[in-house]
Amino acid sequence: MKINLKNAKKLQTLKGWGTSACWWSQYCADEKTAKEIAELLYGDSGLHLNIYRYNVGGGTDPNNCRVRDLWRRTESFMLFNSETGETSWDFSRDKNAVNMMRLCLDTGNVDTLILFANSPHYSQTSTGQASGSLLKSTCNIPKANYRKFADYFLTVTKHFLDEGFPVKYISPINEPQWKWGGSYVWQEGCHYETEEMMEIYRIFAEEIIKRNLPVRLYGPECGSMADHTQEYLDAMLADELVMSVTDIFAYHSYHHDDSPEERYNFKKNIVSKHPELRFDMSEWCELPNKSHTKDFKGALITARIIGQDIVYAGAESWTSWVAVNGFAIAKNGRDFSDAPITANADFSHWYIAKRYWGIAHYSKYIPIGSVALDIGYNVSADINDLNIFAFETPAGETVVVIVNERWDSEIEIDGDFSQMRIIRSSQNEELREIYSGEFKKNIPLKALSLITVILK
């Protein structure tokens, strides 16, 4: 197979790579562990990420909470007195999560800090819980509290700005179309109909302008690129006030892991029609997760989705769901945690999962400002076991990421290059440099492996 890089067409410019500190960072109390994880994620020796998502939690009323998993509960800066109805602030709370954010910022690589919420503060909801309404597909905040929610979120935003945190974007609504709530809940969440979402966005836009805050709206973080996306986008574009503080449409690419066609269609029908907007893929993990943490299949799927989300769907940045998740031990003894790093409840035991390397093959070698390339190589759902993606870096290098989910083979690269490096990961190797020297056209592909080729 020949890959022609001579006639590659330049696509969008990349704004970077990221992950979320949601839930896990609040339990990472040991300073040594926190520093190690910060370096693994954002440091020069680690993934070299630049986008950080911090969760502005809805808080937990211990007397009225149905979320059993402690890692899915949050600590809020706003205290609520249920007897008097009064609120007060304590910004010493959520200290572990704030410390982790500081450590990651200290690497010097974070240029995009996003504050996001899964739910309004529990005291502002209809149920007094941050986990959704008692009825599925029902908004859990009464309209009378919309402005209170905005005040809560923007007070937290102003606090972080005053403390020197470089907040760029705020995302008060997350995955509005999902049912959230009902008889069984497992995390924070709040359902919004499109009209409810837009009313809240308008209040946020008004308050951002009124308070002269140097932040932009980010969202609506719809849970699936093919679900409600056009409806949300149409509603936002029709609202001049909301769009005056919005220039990014953020979405999640869950539930389409085996459908490159969905990504082609997303780019054709939405992204290509709105060149004035930036489209960010702000959340993904393998869902449902079929890859345990020590199976390299998880890295291959992750790498395939990253490339397809960028090249086929047109995303300008790519962010994984959470950086760390708790152990999820199945009956067979394998850990099915879905994050790049997996840990027990108090972080006394943690390790790097195989899928970490699926991110590394991009984020370590394709810097901010790189341009995605159309090399004329496409796949379909029927032939999706060899994916090849190419990028041009600001330094003028061409980087090719090859995701080989099949047998041993080779490809031929056609281009005008003099030098090359080849880095490979597989079940038993991690970012192993297998070649560095003069340009060679033929690239060997080991079965079930990831390869990053750097060409000069």
Side-chain angles (χ1 to χ4, degrees), residues 1-17 259-279 281 300 303-318 361-406 408-424 434-446 449-456:
M1 178 184 297
K2 180 182 290 188
I3 302 299
N4 186 351
L5 296 176
K6 290 181 178 179
N7 302 316
K9 177 185 176 182
K10 291 185 178 181
L11 303 173
Q12 76 276 18
T13 299
L14 303 188
K15 307 304 187 296
W17 317 93
S259 180
E261 288 85 359
E262 286 290 354
R263 289 165 171 81
Y264 296 136
N265 290 334
F266 183 80
K267 185 174 183 178
K268 176 183 177 182
N269 298 326
I270 294 179
V271 177
S272 297
K273 294 181 179 179
H274 297 283
E276 77 282 7
L277 288 177
R278 166 177 158 183
F279 288 84
M281 203 307 294
L300 291 167
R304 183 213 314 153
I305 295 301
I306 293 173
Q308 292 187 358
D309 279 344
I310 293 171
V311 176
Y312 298 162
E316 293 188 37
S317 75
W318 196 94
H361 272 265
Y362 292 89
S363 63
K364 288 182 71 66
Y365 308 107
I366 304 170
I368 305 166
S370 296
V371 176
L373 300 176
D374 180 356
I375 58 175
Y377 181 86
N378 297 309
V379 298
S380 66
D382 296 329
I383 308 172
N384 197 18
D385 54 6
L386 179 62
N387 279 262
I388 303 171
F389 311 104
F391 308 84
E392 183 179 297
T393 73
E397 296 177 337
T398 298
V399 179
V400 180
V401 179
I402 304 165
V403 186
N404 184 26
E405 298 180 68
R406 59 184 186 183
D408 290 347
S409 58
E410 70 175 22
I411 64 168
E412 179 183 336
I413 291 181
D414 186 11
D416 297 321
F417 305 103
S418 60
Q419 299 291 314
M420 70 188 305
R421 292 173 60 208
I422 303 175
I423 296 98
R424 186 174 69 197
I434 61 172
Y435 180 78
S436 179
E438 294 183 358
F439 172 65
K440 295 181 179 180
K441 287 189 174 184
N442 293 325
I443 308 293
L445 303 183
K446 180 179 179 179
S449 68
L450 285 175
I451 289 179
T452 294
V453 184
I454 303 170
L455 299 157
K456 296 182 180 181

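The analysis underlying the following values was restricted to heavy atoms, covering all of them including side chains, and did not include hydrogens, waters or symmetry mates.
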query: Taking Asn404 for the side chain and Lys446 for the main chain, is one N or O donor matched with an acceptor at less than 3.5 Å?
result: yes

query: Taking the inter-plane angle between the rings of Tyr312 and Tyr264 on a 0 to 90° scale, is it parallel (under 30°), tilted (30 to 60°) or perpendicular (over 60°)?
result: tilted

- request: Hey, could you give me the CG/CZ distance between Asp416 and Phe439, rounded to the nearest 0.5 Å?
  value: 8.5 Å

field: Evaluation steps, side-chain contact (heavy atoms from CB on, under 4.5 Å), between Val400 and Leu5
entry: CA-CA 10 Å; Val400 180; Leu5 296 176; 4.0 Å; yes

Expected output: side-chain Lys15 to main-chain Thr13 donor-acceptor under 3.5 Å: yes

- prompt: What is the ring orientation for Phe391 with Tyr362, classed by angle as parallel under 30°, tilted 30 to 60°, or perpendicular over 60°?
  reply: perpendicular

query: What's the shortest heavy-atom distance between Gln12 and Ala315, and which atoms?
result: NE2-O, 2.8 Å

message: Surrounding CD of Glu438 (heavy atoms of other residues, nucleotides or ligands, distance under 6.0 Å), is the total greater than 12?
response: no

field: Val271 versus Ala313, closest heavy-atom pair with distance
entry: CG2-O, 3.4 Å

query: When rounded to the nearest 0.5 angstrom, what distance separates CZ in Phe417 from CD in Glu397?
result: 10.5 Å

message: Under the criterion side-chain contact (heavy atoms from CB on, under 4.5 Å), I'd like the reasoning laid out for Glu412 against Asn442: C-alpha separation, chi angles, the key distance, then a yes or no.
response: CA-CA 5 Å; Glu412 179 183 336; Asn442 293 325; 3.7 Å; yes

- prompt: Between CG of Asn384 and CZ of Arg406, what distance do you get to the nearest 0.5 Å?
  reply: 11.0 Å

Which donor-acceptor pairs under 3.5 Å do side chains of residues 368-382 form with protein atoms, sequence neighbours excluded?
residue : atom : partner : partner atom : Å
Ser370  : OG   : Pro367  : O            : 2.7
Asp374  : OD1  : Gly376  : N            : 2.9
Tyr377  : OH   : Leu386  : O            : 2.6
Ser380  : OG   : Asp382  : N            : 3.4
Ser380  : OG   : Ile383  : N            : 3.3

task: Could you check Met281 against Ile305 for side-chain contact (heavy atoms from CB on, under 4.5 Å), going step by step and ending with a plain yes or no?
output: CA-CA 11 Å; Met281 203 307 294; Ile305 295 301; over 6 Å; no

query: Can you check whether His274 reaches Phe279 side chain to side chain, under 4.5 Å on heavy atoms?
result: yes

- request: Working to the nearest 0.5 Å, report the span between CD of Glu410 and CE of Met1.
  value: 11.0 Å

query: Do the side chain of Gln308 and the main chain of Ser259 share a donor and acceptor less than 3.5 angstrom apart?
result: no

message: For Gly314 versus Lys267, what's the shortest heavy-atom pair and its separation?
response: N-CD, 4.1 Å

Donor-acceptor pair, side chain of Thr393 and main chain of Ile366, under 3.5 angstrom: no

task: Could you please spell out the steps behind the side-chain contact (heavy atoms from CB on, under 4.5 Å) verdict for Val401 and Tyr365?
output: CA-CA 10 Å; Val401 179; Tyr365 308 107; over 6 Å; no

- prompt: Going from NE2 on His361 to CD1 on Ile306, what distance comes out if it is rounded to the nearest 0.5 angstrom?
  reply: 10.5 Å

- prompt: Could you give the distance from CD1 (Ile310) to OG (Ser317), rounded to the nearest 0.5 Å?
  reply: 8.5 Å

